[in-house]
Amino acid sequence: MTASIIDGKAFAATVRAQVTDHVTRLKEVHGITPGLAVVLVGEDPASEVYVRNKGKQTLESGMASFEHKLDASTSEADLLALIGKLNADPAVHGILVQLPLPAHLDSDLVINAIDPAKDVDGFHISNVGLLGTGQKSMVPCTPLGCLMMLRDHHGSLSGLNAVVVGRSNIVGKPMAQLLLNDSCTVTIAHSRTKDLASLCRSADILVAAVGRAEMITGDFVKPGATVIDVGINRIERDGKKKLVGDVEFQSAAAVAGAITPVPGGVGPMTIACLLANTVTACCRANGLPEPEGLTA
Ligand code: NDP
């Protein structure tokens with residue numbers, strides 16, 4: 001293996017420590033406690049684990065955590081009414097509705113009902129537009145975490161060729177936008193892209209956000225490139241359950257200059273960035289300077 005490992009777990013711990021420092025200062029100097037409200041509808045086991053982790057880390061950072069668990073049969077009107085209340089609550093600076101929502105609920109309608117200033121997931125259409133036009137916005141947590149690791153590793157990203165594989169609204173598109181805002185030359189690939197391997201080999205920065213276990217192998221990687229593996233895939237190998245990324249780690253690490261592992265890469269950064277976004281939202285709501293290094 002030649003690549004250096006980008007340790008997302010350690011990086012996330014650093015981000016959380018910065019967040020905790022800011023929270024302490026907000027409390028001691030300004031008497032403000034940042035608050036994050038998380039809304040979970042239904043009983044999806046994976047979502048329950050995410051929500052539990054988010055609540056735990058929110059409290060550990062000194063912020064207030066407000067958890068709202070609603071029945072799977074909750075009506076759209078009731079969910080919108082709760083969001084209205086959270087929008088109006090001055091103790092709540094960030095609101096996150098855990099996705100996916102049960103099929104009878106319109107996710108776009110629900111997300112767009114959140115006050116954009118409290119939209120710590122960065123999925124509200126206003127934040128998408130602000131990011132797309134290079135204006136100050138709330139930035140989706142997973143791409144923000146990837147950007148932080150890339151900036152830390154490279155310093156300036158200006159002029160680098162970036163290929164983002166995946167065009168989802170929550171990862172691929174905002175990731176591409178962030179890289180473009182940092183002056184990369186960006187190509188977005190997807191399921192219809194022709195000759196994906198050779199396109200990926202043009203990338204100084206290769207971000208895989210596909211959802212296909214180990215699809216990106218070493219022959220997709222330009223020697224010395226930085227590979228960010230967003231994928232989280234649960235597979236069974238040799239009778240054992242395993243978590244793997246979208247990148248085949250061994251073959252890619254033999255060619256890349258740097259690579260994020262799965263687990264321990266992008267995953268831990270996502271919740272750390274959620275906490276960072278909540279502090280940012282709190283500072284903006286109170287007209288205070290934003291924490292440096294925790295936003296795009
Ligand atoms: P989506 O399913 O929404 O999007 C997947 C994208 O991959 C689509 O744009 C799709 O193209 C593209 N794609 C699928 N197959 C191929 C292929 N064979 N070649 C090229 N492109 C392909 O997934 P998400 O963006 O939500 O998530 C991607 C991965 O990231 C998943 O593994 C998910 O679990 C993980 N994830 C991890 C997070 C973290 O915290 N680490 C957070 C969020 C997601 P098309 O549009 O043409 O269908």
Side-chain angles (χ1 to χ4, degrees), residues 5-13 15-16 38 44-47 49-54 57 96-101 107-108 111 120-123 128 131 138-150 162-179 186-203 206-217 219-221 227-235 241-249 252 259-277:
I5 305 293
I6 299 179
D7 185 345
K9 207 170 158 194
F11 201 112
V15 173
R16 284 199 306 275
V38 177
D44 176 54
S47 294
V49 173
Y50 290 139
V51 167
R52 210 176 312 129
N53 283 338
K54 285 167 187 170
Q57 293 192 27
L96 179 150
V97 176
Q98 184 67 43
L99 299 177
L101 287 171
S107 301
D108 287 339
I111 296 302
V120 281
D121 249 343
F123 296 159
V128 176
L131 180 65
M138 295 308 302
V139 178
C141 303
T142 299
L144 177 58
C146 297
L147 181 75
M148 283 183 186
M149 290 191 287
L150 284 166
V163 172
V164 179
V165 190
R167 57 174 163 178
S168 73
N169 291 334
I170 63 167
V171 187
K173 282 183 201 155
M175 183 76 252
Q177 192 62 59
L178 286 169
L179 292 167
V186 184
T187 309
I188 306 176
H190 46 77
S191 65
R192 309 290 175 90
T193 297
K194 293 193 175 114
D195 200 359
L196 183 64
S198 91
L199 177 70
C200 289
R201 276 195 301 275
S202 71
L206 178 59
V207 181
V210 186
R212 288 179 181 260
E214 300 177 329
M215 190 193 95
I216 307 285
T217 52
D219 55 333
F220 286 56
V221 179
V227 179
I228 303 289
D229 188 356
V230 181
I232 299 178
N233 306 288
R234 289 170 178 83
I235 62 160
K241 289 199 164 73
K242 229 183 147 214
L243 203 65
V244 298
D246 291 339
V247 177
E248 190 188 58
F249 185 82
I259 187 167
T260 58
V262 176
V266 175
M269 286 298 287
T270 296
I271 298 187
C273 287
L274 174 67
L275 304 181
N277 276 351

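Whatever order the structure lists them in is the order used to number ligands and atoms, beginning at 1. Side chains are part of it too, since the values below use all heavy atoms of this structure and drop only hydrogens, waters and symmetry mates.
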Please list, chain by chain and in numerical order, all residues satisfying side-chain hydrogen bond (donor to acceptor under 3.5 Å, both in side chains) with N169, sequence neighbours excluded.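 N169 satisfies side-chain hydrogen bond (donor to acceptor under 3.5 Å, both in side chains) with K173 only.
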With a 3.5 Å distance limit and no angle check, can you tell me whether [X] reaches the backbone of [Y] through a side-chain donor-acceptor pair?
X	Y	value
T260	V266	no
D246	V210	yes
N277	C141	no

Among V207, I259, V165, which one satisfies side-chain contact (heavy atoms from CB on, under 4.5 Å) with V247?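 Among the candidates, only I259 passes.
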Closer than 4.0 Å to some heavy atom of [X] - which atoms of ligand 1 meet that?
X	answer
V171	25 (O), 43 (C), 44 (C)
R212	14 (C), 15 (N), 16 (C), 18 (N)
I170	26 (O)
G267	41 (N)
G166	6 (C), 7 (O), 9 (O)
T270	39 (C), 40 (O)
V266	41 (N)

Less than 3.5 Å between some nitrogen or oxygen of I232 and one of ligand 1, yes or no?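 Yes; the residue has a nitrogen or oxygen that sits under 3.5 Å from a nitrogen or oxygen of the ligand.
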In the protein, what heavy atom is nearest to [atom], and what distance, to one decimal place, separates them?
atom	result
atom 24 (P) of ligand 1	S168 OG, 3.7 Å
atom 21 (N) of ligand 1	H190 C, 3.1 Å
atom 29 (C) of ligand 1	G211 N, 3.6 Å
atom 42 (C) of ligand 1	T142 OG1, 3.3 Å
atom 11 (O) of ligand 1	S191 N, 3.2 Å
atom 37 (C) of ligand 1	V230 O, 3.1 Å

Nearest 0.5 angstrom please: S168 OG to M175 CE, how far?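 Answer rounded to 0.5 Å: 11.5 Å.
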Nearest 0.5 Å, what's the CG-CD distance between L179 and Q177?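 Reported value, rounded in 0.5 Å steps: 9.5 Å.
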Residue list, salt bridge (Lys or Arg N to Asp or Glu O under 4.0 Å) with E248, at least two apart or on another chain: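 Listed in chain order: nothing, the list is empty.
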Using heavy-atom distances only, which candidate in R234, M215, R167, R192 approaches atom 9 (O) of ligand 1 most closely?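 Of the listed residues, R167 has the closest heavy atom.
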I'd like the name of whichever of G245, G231, A209, P143 reaches closest to atom 28 (C) of ligand 1 through any heavy atom.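 When every heavy atom of G245, G231, A209, P143 is considered, A209 comes closest to atom 28 (C) of ligand 1.
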Heavy-atom distance under 4.5 Å between the side chains of [X] and [Y], does that happen here?
X	Y	value
M149	M269	yes
S107	L99	yes
D229	P261	no

May I ask whether G172 places a heavy atom under 4.0 Å from ligand 1?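 It does not, in that no heavy atom of G172 comes within the 4.0 Å cut-off of ligand 1.
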Counting heavy atoms only, which part of V210 comes closer than 4.0 Å to ligand 1: side chain, backbone, both or neither?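 The answer is both.
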